[in-house]
Amino acid sequence: MKSVEDINEKIREGSVCVVTAEEMKEIVKELGAEKAAEEVDVVTTGTFGAMCSTGVFLNFGHSDPPIRMQRVWLNDVEAYTGIAAVDAYLGATQQSEKAEDYGGAHVIEELLKGEEVELKAISKGTDCYPAKEVRTVITLEDLNFAEMVNPRNAYQRYNAATNSSDRLLRTYMGTLLPNFGNVTFAGCGEISPLNNDPEFRTIGIGTKILLCGGKGYIVGHGTQHCPGYATLMVKGSLKSMDPEFLRAAYMPGYGVTMFVGIGIPIPVLDSKMAEKLAVRDEEIKTKILDFGVQRRDRPVVREVTYAELKSGRIEINGEEVRVSPLSSVYMARKIMEELKRRIERGEFLLTFPVERLTPGKALKPMKTAIKLVKSVMSEAIVISPETSVEIAAKIMIEKGVNHLPVVENGKLVGIVTSWDVAKAVAMGKTGKVGEIMTKRVIVTYPEEAVELAAKKMEENDISALPVVDKSMRVLGIVTSEDLSKLLAR
Amino acid sequence: MFLRLRFDSKAVRKPVISAVTLKTSALINIIKAEVGPRRGELIVEVDDSIAEKVEKAFEELGVEVLRLKEKVERNERCVHCGACISICPVEAIVLQDGRVEFLDKCVLCGNCVKVCPVKALKLPTT
């Protein structure tokens with residue numbers, strides 16, 4: 001049994017034994033937890049991945065005449081100013097007003113690299129802050145404070161992603177190929193800090209960490225912290241950081257985010273801690289979710305371990321699927337080595353948390369009234385491909401509809417619109433519906449959100465979607481009129 | 001070996017792949033094809049031993065042939081995350097000891113360039 005103070009004494013003396021999380025797993029395997037706890041004082045853990053909940057509090061200093069910034073932009077990226085006169089919070093994911101692939105993360109990276117950033121601020125002007133507009137160029141050095149405060153970083157584990165739909169999806173989990181074409185996952189698994197101290201014995205409020213290469217602290221648990229999926233809120237001075245351990249990123253089609261590097265030292269207080277530090281990727285489980293279903297509760301495709309994910313290939317429905325990581329084990333190793341070096345050199349002393357983190361509670365969903373397609377769909381009038389164009393025209397007029405799904409053997413095989421019929425008549429094609437129908441039908445499902453059905457119509461420039469079940473049986477139809485009635489209510 | 005074939009408006013109308021296969025008996029694996037009414041571009045894989053013969057046969061039919069030796073270029077922004085790996089159609093990107101490495105079989109399709117979150121990749125300028 002050791003205390004953090006005992007370990008700090010060893011750090012000061014230069015006799016401390018520090019190993020990385022990867023080395024520790026081997027040591028425990030070889031010596032057992034008891035002996036490993038005696039030999040090793042500190043284990044460095046690390047993670048490096050895209051962490052959207054990242055940003056920087058900035059204090060710009062006062063202009064003359066002074067301004068109470070109501071809105072401020074840095075390289076056309078807006079920062080939040082609903083705080084004091086020249087304070088602002090620049091979020092990593094805030095997008096530039098001029099370019100889609102540039103945002104808060106890029107401004108933060110450029111500031112850290114010492115580059116100049118354009119500042120524009122506006123205000124209504126008050127008696128104490130008369131200026132209405134300020135334009136200038138700033139660098140990190142010009143700022144009084146630049147404190148990174150990240151509400152949610154260092155996820156213990158994260159759900160992996162795949163895509164069952166027939167179109168390519170561009171998500172915050174990267175590009176997902178159609179028909180289970182690939183899987184992406186985030187997190188560094190067995191070397192990630194929170195997997196090595198899952199009971200939060202030493203990772204807690206006030207724990208000193210390495211944040212993007214600079215000195216940082218844990219402020220508390222992060223937002224959305226919940227059992228098994230622990231997260232951290234962290235802070236550190238941007239001025240102390242190293243651009244090597246932070247990287248602005250853009251997920252194509254989704255938006256801007258930031259790669260953040262975090263290293264956390266774990267003091268080996270006793271053999272119980274050594275046991276936890278021996279955790280392997282094989283024991284760390286997560287779920288693969290289907291992003292093809294665009295709902296809050298995405299279906300679980302299967303459970304998977306980090307060992308399987310890291311192997312680069314996994315099986316889904318009997319097919320081999322390739323896997324892309326989104327976090328960098330390579331960078332996490334660099335972070336663990338860097339932290340190890342600093343502790344060995346006596347430059348980094350450990351702290352014991354002033355308060356322990358709670359395990360967290362299950363997350364509550366947002367209360368919103370979701371409208372499903374089944375609640376707005378109307379009865380579909382269906383015809384067979386053998387129906388003549390003339391009869392189809394009559395049905396449309398009699399029933400007052402513009403769309404007729406075409407059904408054969410109980411399954412949807414096409415759709416004809418009043419436009420198709422008019423075109424057929426104009427071109428003298430008066431045969432069967434099967435010859436003029438659109439065969440590639442865009443459909444919706446009863447459990448799909450109305451918003452999604454509307455998006456499908458807009459993207460495909462169509463005005464109705466047959467509602468079908470999994471076996472393509474027609475259950476109804478939604479038209480753009482049905483949707484506009486919703487808005488008019 | 002990978003060959004990039006460019007067809008002009010004349011060559012694009014001929015059944016070149018079949019003609020070359022019959023002439024050289026080479027097995028030609030089409031990796032990528034973009035064929036329009038006036039021009040086309042194909043990337044094909046052939047065995048190294050027969051590459052020269054195949055190359056000549058294509059050229060005789062008016063096809064411009066380029067041996068693909070180059071691969072995607074990467075700059076220092078790469079953090080070795082691996083987002084590009086599962087996007088590569090020919091499995092030319094792998095993790096080796098935690099580092100992302102590009103193998104010689106790159107066909108310059110550019111998929112990885114599009115998905116790289118830190119814009120570390122670009123196609124070589126030819």
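Residue numbering restarts at 1 for every chain, and letters A, B, ... go by the order of the sequence lines.
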Side-chain contact test, heavy atoms from C-beta onward, threshold under 4.5 Å: evaluate it for [X] versus [Y] and give yes or no.
{"X": "A:L289", "Y": "A:V300", "result": "yes"}
{"X": "B:N111", "Y": "B:P89", "result": "yes"}
{"X": "A:L211", "Y": "A:N150", "result": "yes"}

Within the side chain of A:R302, is there an N or O that forms a donor-acceptor pair under 3.5 Å with the backbone of A:E315?
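At least one qualifying donor-acceptor pair exists.
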Does any N or O in the side chain of B:K71 come within less than 3.5 Å of the main-chain N or O of B:P124, such that one atom is a donor and the other an acceptor?
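Not at all, since once roles are kept as given, no pair shorter than 3.5 Å links the two residues.
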Using 30° and 60° as the class limits, which term best fits the ring planes of A:Y172 and A:Y158: parallel, tilted or perpendicular?
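Perpendicular, since the angle between the ring planes exceeds 60°.
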Under 4.5 Å from a heavy atom of chain B, the part of [X] involved:
{"X": "A:V183", "result": "backbone"}
{"X": "A:F259", "result": "side chain"}
{"X": "A:L177", "result": "side chain"}
{"X": "A:T175", "result": "both"}
{"X": "A:R170", "result": "neither"}
{"X": "A:F48", "result": "side chain"}

Largest heavy-atom contact set with chain A, pairs under 4.5 Å, which of B:R99, B:K114, B:R77
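Going by pairs under 4.5 Å, I would pick B:R77.
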Hey, are B:R67 and B:E55 close enough for a salt bridge, meaning a charged N less than 4.0 Å from a carboxylate O?
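Yes, B:R67 and B:E55 are salt-bridged.
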When A:K334, A:M251, A:M331, A:R247 are compared by non-hydrogen pairs under 4.5 Å with chain B, the top option
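Looking at each option in turn, the highest pair count goes to A:R247.
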Could you tell me which portion of B:E91 (side chain, backbone, both or neither) has an atom closer than 4.5 angstrom to a non-hydrogen atom of chain A?
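Both parts, backbone and side chain.
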Pick one of side chain, backbone, both or neither for B:L95, based on which atoms fall under 4.5 Å of a heavy atom in chain A.
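The answer is the side chain of B:L95.
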